[in-house]
Amino acid sequence: MGRIVTRVYRLIRPPRPSFAFTWLHGIGWDEVKDEPVFGEVWNDMSALLEGAGFIAAHNAPFDRGVLRACCRSAGLEPPRLRFECTVRVARRTWGIYPTKLDHVCRALDIPLQHHHAASDAEACARIMIAAAAARTSSPPHP
């Protein structure tokens, strides 16, 4: 507990060649056109969740919705794990505002290549690890 045990980065091909936010994350159709679709990689990816107590994400309601929509579209069962939101954790644990991922990482001295999925995911894991450490080192409140 309290450590990152594996790292996986996968691109998937979306259902159509036109999608949003290429300007933000730098991923365009040329990068994903030859990748497998979500349903082809989900079994391998979901196996990584075995034994996990939760899924952490920054702005977790968004990520939960995207994952559920991807599963539904592929005819797959979404994971039953709860989602922990690192936005809420950062606010509750350290009172960090604004709470964009890059602000939280800067405040906690966590390395980040913002909007790169692997870096964002690892940052979320590190936020959760730091929050768990903060809880165990803080004196209990009366």
Side-chain angles (χ1 to χ4, degrees), residues 1-139 141:
M1 182 175 216
R3 63 189 178 90
I4 296 170
V5 296
T6 191
R7 290 170 178 83
V8 176
Y9 177 74
R10 286 297 313 255
L11 292 174
I12 61 170
R13 185 178 67 243
R16 59 196 161 283
S18 175
F19 49 92
F21 301 108
T22 295
W23 61 270
L24 183 64
H25 49 63
I27 300 169
W29 183 248
D30 286 341
E31 289 77 27
V32 296
K33 66 184 177 188
D34 297 322
E35 297 294 330
V37 296
F38 177 82
E40 294 171 359
V41 299
W42 179 241
N43 283 337
D44 290 339
M45 299 304 289
S46 64
L48 296 171
L49 299 174
E50 288 180 26
F54 59 88
I55 297 171
H58 208 71
N59 190 16
F62 173 81
D63 289 286
R64 180 179 50 237
V66 169
L67 181 55
R68 286 181 177 166
C70 288
C71 287
R72 185 173 44 251
S73 176
L76 301 167
E77 184 71 27
R80 296 185 185 272
L81 291 169
R82 77 180 191 280
F83 275 71
E84 290 288 336
C85 182
T86 54
V87 170
R88 292 181 184 144
V89 168
R91 289 175 180 169
R92 182 177 61 238
T93 306
W94 300 285
I96 297 173
Y97 289 89
T99 326
K100 291 182 178 182
L101 185 57
D102 57 332
H103 291 110
V104 175
C105 288
R106 197 172 311 115
L108 299 178
D109 200 26
I110 293 172
L112 177 68
Q113 183 184 342
H114 203 198
H115 300 299
H116 183 281
S119 182
D120 289 357
E122 184 165 332
C124 289
R126 292 186 182 283
I127 292 166
M128 296 304 293
I129 291 167
R135 282 192 299 276
T136 59
S137 66
S138 299
H141 296 303

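Throughout, numbering of the chain's residues begins at 1 and tracks the sequence. Side chains included, hydrogens not; waters and symmetry mates left out as well; all remaining heavy atoms used.
- A donor-acceptor contact shorter than 3.5 Å is absent between the side chain of H58 and the backbone of D63.
- In terms of modelled atom types and a separation under 3.5 Å, the side chain of S73 and the main chain of C70 share no donor-acceptor contact.
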Subject >> Check against side-chain contact (heavy atoms from CB on, under 4.5 Å), R126 and I4 >> reply: CA-CA 8 Å; R126 292 186 182 283; I4 296 170; 4.0 Å; yes

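- To the nearest 0.5 Å, the span separating CG on L76 from CG on L67 amounts to 10.0 Å.
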**OP:** Any chance you could lay out the side-chain contact (heavy atoms from CB on, under 4.5 Å) test for V104 and T99, step after step, and finish with the verdict?
**Re:** CA-CA 6 Å; V104 175; T99 326; 3.7 Å; yes

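- With T136 contributing its side chain and A133 its backbone, the two residues share a donor-acceptor pair below 3.5 Å.
- At distances below 3.5 Å, not a single donor-acceptor pair connects side-chain atoms of R13 with backbone N or O atoms of V37.
- At least one side-chain heavy atom of W42 sits under 4.5 Å from a side-chain heavy atom of P79.
- Remark: side-chain polar atoms of E31 are paired, donor with acceptor, to backbone N or O of G28 under 3.5 angstrom.
- W23 and F21 have tilted rings, their planes meeting at an angle from 30° to 60° on a 0 to 90° scale.
- In terms of heavy-atom proximity, L81 sits nearest to A52 at CD2-O, 3.1 Å.
- No side-chain heavy atom of R91 sits under 4.5 Å from any side-chain heavy atom of C85.
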